[in-house]
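Throughout, protein chains are lettered first and strands after them, A, B, ... in sequence-line order, and every chain is numbered starting at 1.
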There are 2 protein chains.
Amino acid sequence: MTPDQFREVGHRLIDWIADYHASLDSRNPGPQVAPGDLLAALPQTAPLQPGDVGEWDRIIADLDCLIVPALLHWQSPRFFGYFPCNCSMPGVLGALVASGLNVNGMLWATSPAATELEMRLLDWMADALGLPEAFTFRSPDGGGCIQGTASEAALVALLAARARAVRAGHDPQALCVYASRHAHSSIVKAAMVAGIARGPDDTSRVRSIACDAAHRMDVQALARAMRDDLSRGLVPAFVCATLGTTSSEAIDPLPAIGALVESMPRRPWLHVDAAYTGAALVCPEFGWIIEGVERADSFCFNPHKWLLTNFDCDLMWTRHRRLLAGALSITPEYLRNQSSQSGQVIDYRDWQIPLGRSFRSLKLWFVLRHYGLEGLRAHIRAHVALAAWFEEQVRADARFELAAPRVSGLVCFRLRAGDEPTQRLLQRVNASGRAFLSHTKLPDADGRERLTLRVALGAPATQKRHMEELWNLLDRAADEVLA
Amino acid sequence: MTPDQFREVGHRLIDWIADYHASLDSRNPGPQVAPGDLLAALPQTAPLQPGDVGEWDRIIADLDCLIVPALLHWQSPRFFGYFPCNCSMPGVLGALVASGLNVNGMLWATSPAATELEMRLLDWMADALGLPEAFTFRSPDGGGCIQGTASEAALVALLAARARAVRAGHDPQALCVYASRHAHSSIVKAAMVAGIARGPDDTSRVRSIACDAAHRMDVQALARAMRDDLSRGLVPAFVCATLGTTSSEAIDPLPAIGALVESMPRRPWLHVDAAYTGAALVCPEFGWIIEGVERADSFCFNPHKWLLTNFDCDLMWTRHRRLLAGALSITPEYLRNQSSQSGQVIDYRDWQIPLGRSFRSLKLWFVLRHYGLEGLRAHIRAHVALAAWFEEQVRADARFELAAPRVSGLVCFRLRAGDEPTQRLLQRVNASGRAFLSHTKLPDADGRERLTLRVALGAPATQKRHMEELWNLLDRAADEVLA
């Protein structure tokens, strides 16, 4: 591809992206295809000859006609499903530059800028979130890195915990993992990968801890589980506290969990998963959420969820960077180099599962420089205000009930009339083409699991009028469903 | 950021990338910084206020003055280190579109296009490489996906192998892993992550198999290792054959390894790691490399190394997609959906460690449409011809010796005079600012580990004149070193 052709098609695709985002408000946020539709439209074999002069026109036409209709539009202002996966134009540009440079920052030596920019950004963000000094590179054994996802952060934290326990003389087969029953599935998956759980339902070493009425981990239950395991000769090795569970944004009581962990004869590793809610910590008024974090061994959250930074970008910090690297490091001759051997540099390959790594810090850097922390705070506060407004509508309507206290940007609710009407309500709203919601199950006051709808804020384009329209949709659909 | 500002800055950055690539030939491929230089130049705290009207000018100036000088320029035509991490302008554009859409394709339902385009591309590429029908989605239990790296492909293959062995009633503590001593470090790392090896040097369950004089796995040694383990009550569970080792591009004898694996009472999983060399398989003349692949259970290679597709993009196929997904699947309520439950769709989250996943197939699609298979073949053949030419120069010069037979694009060589002069030669070449090489150690005919220089082709801009200049550099530097 000639540089001129790259400039021309590149400019067109930049414009195409701008146009796509501008089109989202008037577009159905959901995909308009059935299983196999796109497969049927794609050729059976790869192109043999290079594309001719019209190929990029056809590629862009295919984006419009084949790809876009088969997307769930996560950037739509009408997207309220799962947790958000938001992006921003500065984030897109940062990812573009990273992709254009295409360096592999596996070692400091293989692109010092990729390592040192990431180190500094992790310190910036630790300070912005109010994380302890011990999590920064200013401390002798602290620091952070960018992981792909919170799943990978949980896995490497678990591997560090295992390494510490094994070094202390424990049998790896005796190690136990604890997380609330509302913790993310990635915690159990990490235990599966590490060979601690034999499958998603293997409870021999992974404890699913009961929760209180607000879906927060019951610390007494955690204490009992750890004591029981100790009395059976097992070793409590890893506790995950969730700050903002996926189902309901419940905030596990970190101070009490930390105190319990510290009181144990052999201190388990305490990992904190704040994947979604962590973004809100840029606002001081949410500082209460991480009270007690100074006892954590590792912490992570995802700027790719709600902090305007394109997927993938999970920030993970630890107070034990040597232990973490020690659990993951393996150095064949072909990776040896003077800088690594000097001990003066960080080699991020030792903080992660893969060897290769891209220059992900650029997109976060662009986001921080464009918005500044004040811009990010305004972004979060606008969404929190919208969520609060939506919560008020639900609360004021006797047909609905809130399924969980709202913390920041997630509202969980259902029809009092039960699961079946709630299911039909969800289907009607999503079929309208004017909003996309997803669901979960949460126990009601009597402990019965109830189908629950989730409205998760996070798409940057969402405004008050989208919330009003969503509420009107729900209002009318509830009338129809309950009629 | 307004759409107009995005268009303006986006166009500038597209041009900036084109200019960066145009600058590479005249630029030192190595980084021009010492540890801490960039850290010292970056502010201690994150920007508080949003950037003003001049901020994007300053960001672009910082890219030029702070970031670019601190890179190892993997796209430089003068980059011959490690294995390449190449990209192309169509690949950059595909990554740009993926980043602009920023969908999370964790489930089919969360963006059908991301799943179905990837499925079709994996079938296209299986056919282009000559992989067996059993690895395609046309087969009832076959198919492929994009992993981030070959490390992750090896890990999920190992987890599938473990799941199969455990399901067959074996004790997970008895499972053994086999790879040649020249296999990539990611194989041992996967065993560490999975809890099969307690560290990089733990050989209790991971066997490093001896190699022949061409650094290929010695199948007799593999047979002995497996027999020994069986006789001790252990379970050979996972064999990795490397097609193109990192040190020397050695091709393990797949037909013999496959026959051995099939002859075992309980068949171990056979994984094939063709991370670099796999790209050459688009050329029929390299088809001999995968002879015997029909016995493999999984296969991977990295288009992000040598097939013009931006990092990250590892293609992995398996004949056992249900087993793979079964080893990694965990389904909380909030991910349940009608399409998944219908059994009609692929949910790629179950093929990988993370939950979230980006739309990586777009970049490979753009590459295939722009270049076509014939364009990719021409790209590979041009590099192979350059490597062959370079190999001839080494062979014809009595001061040098080849350290391994050349297979496709990697030439391994050293000064006959020994490690110390070879080390000084490497330093001189890299210090010249006209080329970047990296090193390894390979045994000589007497079995002594010898420092070895590697010239790995892969940067798309590399031409004959760069190879000639490199050879002239080596020629003069050898004179100086040997003087």
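- Looking only at distances, a side-chain donor or acceptor of B:Thr110 sits under 3.5 Å from a matching main-chain atom of B:Leu107.
- For a residue to count as touching a neighbouring chain, one of its non-hydrogen atoms must lie under 4.5 Å from one of that chain's; by this rule A:Leu376 does not touch chain B.
- With a 4.5 Å cut-off on non-hydrogen atoms, A:Asn104 touches chain B through its backbone and its side chain both.
- Only the backbone of A:Ser329 has a heavy atom closer than 4.5 Å to any heavy atom of chain B.
- Contacts between B:Asp314 and chain A at a heavy-atom distance below 4.5 Å are absent for every atom of the residue.
- The greatest number of non-hydrogen atom pairs below 4.5 Å with chain B, out of A:Ser99, A:Gly195, A:Ser151, A:Pro200, is found for A:Ser99.
- B:Asp127 and B:Arg138 are joined by a salt bridge, as a carboxylate oxygen and a charged side-chain nitrogen come within less than 4.0 angstrom of each other.
- Contacts between A:Leu93 and chain B at a heavy-atom distance below 4.5 Å involve backbone atoms as well as side-chain atoms.
- Comparing B:Phe366, B:Phe311, B:Tyr20, B:Trp365 by heavy-atom pairs within less than 4.5 Å of chain A, the highest count is held by B:Phe311.
- Distance alone, capped at 3.5 Å, is enough to place a donor-acceptor pair between the A:Lys363 side chain and the A:Asn310 backbone.
- Looking only at heavy-atom pairs under 4.5 Å with chain B, the residue among A:Pro354, A:Ala41, A:Cys85 that has the most is A:Pro354.
- The part of A:Ala327 that comes within reach of chain B is its backbone (N, CA, C, O), which places non-hydrogen atoms under 4.5 angstrom from that chain.
- Neither the backbone nor the side chain of B:Arg454 comes within contact range of chain A, judged by heavy atoms closer than 4.5 Å.
- Salt bridge absent: B:Asp19 and B:Arg12 never bring a charged side-chain N and a carboxylate O closer than 4.0 Å.
- A side-chain donor-acceptor contact under 3.5 Å links B:His21 to the backbone of A:Gly100.
- Proximity to chain B (any heavy atom under 4.5 Å) is restricted, for A:Gln352, to the backbone atoms N, CA, C and O.
- Contact count against chain B (heavy-atom pairs under 4.5 Å) is highest for A:Leu101 among A:Ile196, A:Val345, A:Leu101.
- Of the listed residues B:Val9, B:Val68, B:Leu63, the one with more heavy-atom pairs under 4.5 angstrom with chain A than any other is B:Leu63.
- Contacts between A:Ser186 and chain B at a heavy-atom distance below 4.5 Å are absent for every atom of the residue.
- For B:Ala194, the parts sitting under 4.5 Å from any heavy atom of chain A are the backbone and the side chain alike.
- Chain B forms more heavy-atom pairs under 4.5 Å with one residue of A:Ala114, A:Ala46, A:Ala22 than with any other, namely A:Ala46.
- Contact annotation for A:Arg349: only backbone heavy atoms (N, CA, C, O) come within less than 4.5 Å of a heavy atom of chain B.
- Ring-plane geometry between B:Trp74 and B:Tyr82 is classed as parallel, the angle between the planes falling under 30 degrees on a 0 to 90 degree scale with a further cut at 60.
- Interface remark: B:Pro43 contributes backbone and side-chain atoms alike to the contact with chain A (heavy atom separation under 4.5 Å).
- For A:Met89 against A:Ile17, the heavy-atom pair with the smallest separation is SD-CG2, 4.4 Å.
- Checked by atom type and distance alone, the side chain of A:Asn102 pairs as donor or acceptor with a backbone atom of B:Asn86 at under 3.5 Å.
- No donor-acceptor contact under 3.5 angstrom links the side chains of B:Arg336 and A:Thr440, judged on distance only.
- Residue contact with chain B, scored on non-hydrogen atoms closer than 4.5 Å, involves the backbone of A:Ala34 exclusively.
- With no hydrogens or angles considered, a side-chain donor-acceptor pair links A:His11 and B:Asp15 at under 3.5 Å.
- A donor-acceptor pair shorter than 3.5 Å can be found between the side chains of A:Glu152 and A:Thr149.
- Note on A:Arg357, A:Arg7, A:Glu55, A:Met192: by heavy-atom pairs under 4.5 Å with chain B, the leading option is A:Arg7.
- For B:Leu159, the part lying under 4.5 angstrom from a heavy atom of chain A is the side chain only.
- For A:Phe359, the part sitting under 4.5 Å from any heavy atom of chain B is the side chain, from C-beta outward, and nothing else.
- When B:His304, B:Gln44, B:Met119 are compared by the number of non-hydrogen pairs under 4.5 Å with chain A, B:Gln44 comes out ahead.
- Looking at A:Asp123, neither its backbone nor its side chain comes within 4.5 Å of chain B, counting heavy atoms on both sides.
- Between atom CG of residue B:Asp201 and atom CD1 of residue A:Ile330 there is a gap of 7.5 Å, rounded to the nearest 0.5 Å.
- Contact of A:Ser185 with chain B is made through backbone and side chain together, with heavy-atom distances under 4.5 Å.
- Note on B:Gln147, B:Met1, B:Gln344, B:Arg120: by heavy-atom pairs under 4.5 Å with chain A, the leading option is B:Arg120.
- In this structure a side-chain-to-backbone donor-acceptor pair under 3.5 Å is missing from B:Lys189 to A:Leu355.
- For B:Asn337, no part sits under 4.5 Å from any heavy atom of chain A, backbone or side chain.
- A donor atom on one side chain and an acceptor atom on the other are found under 3.5 Å apart for A:Glu116 and A:Trp108.
- Across B:Leu13, B:Val92, B:Leu48, the residue that shares the most heavy-atom pairs under 4.5 angstrom with chain A is B:Leu48.
- Side chain of B:Gln49 to backbone of B:Pro47: no donor-acceptor contact under 3.5 angstrom is found.
- Only the side chain of B:Val166 comes within contact range of chain A, with at least one heavy atom under 4.5 Å from a heavy atom of that chain.
- In this structure a side-chain-to-backbone donor-acceptor pair under 3.5 Å is missing from A:Arg369 to B:Trp56.
- Among B:Gly51, B:Gly36, B:Ser438, B:Ser111, the residue making the largest number of heavy-atom pairs under 4.5 Å with chain A is B:Ser111.
- Not a single donor-acceptor pair under 3.5 Å links the side chain of A:Lys441 to the backbone N or O of A:Thr452.
- In this structure, the portion of B:Gln5 lying under 4.5 Å from any heavy atom of chain A is its side chain and not its backbone.
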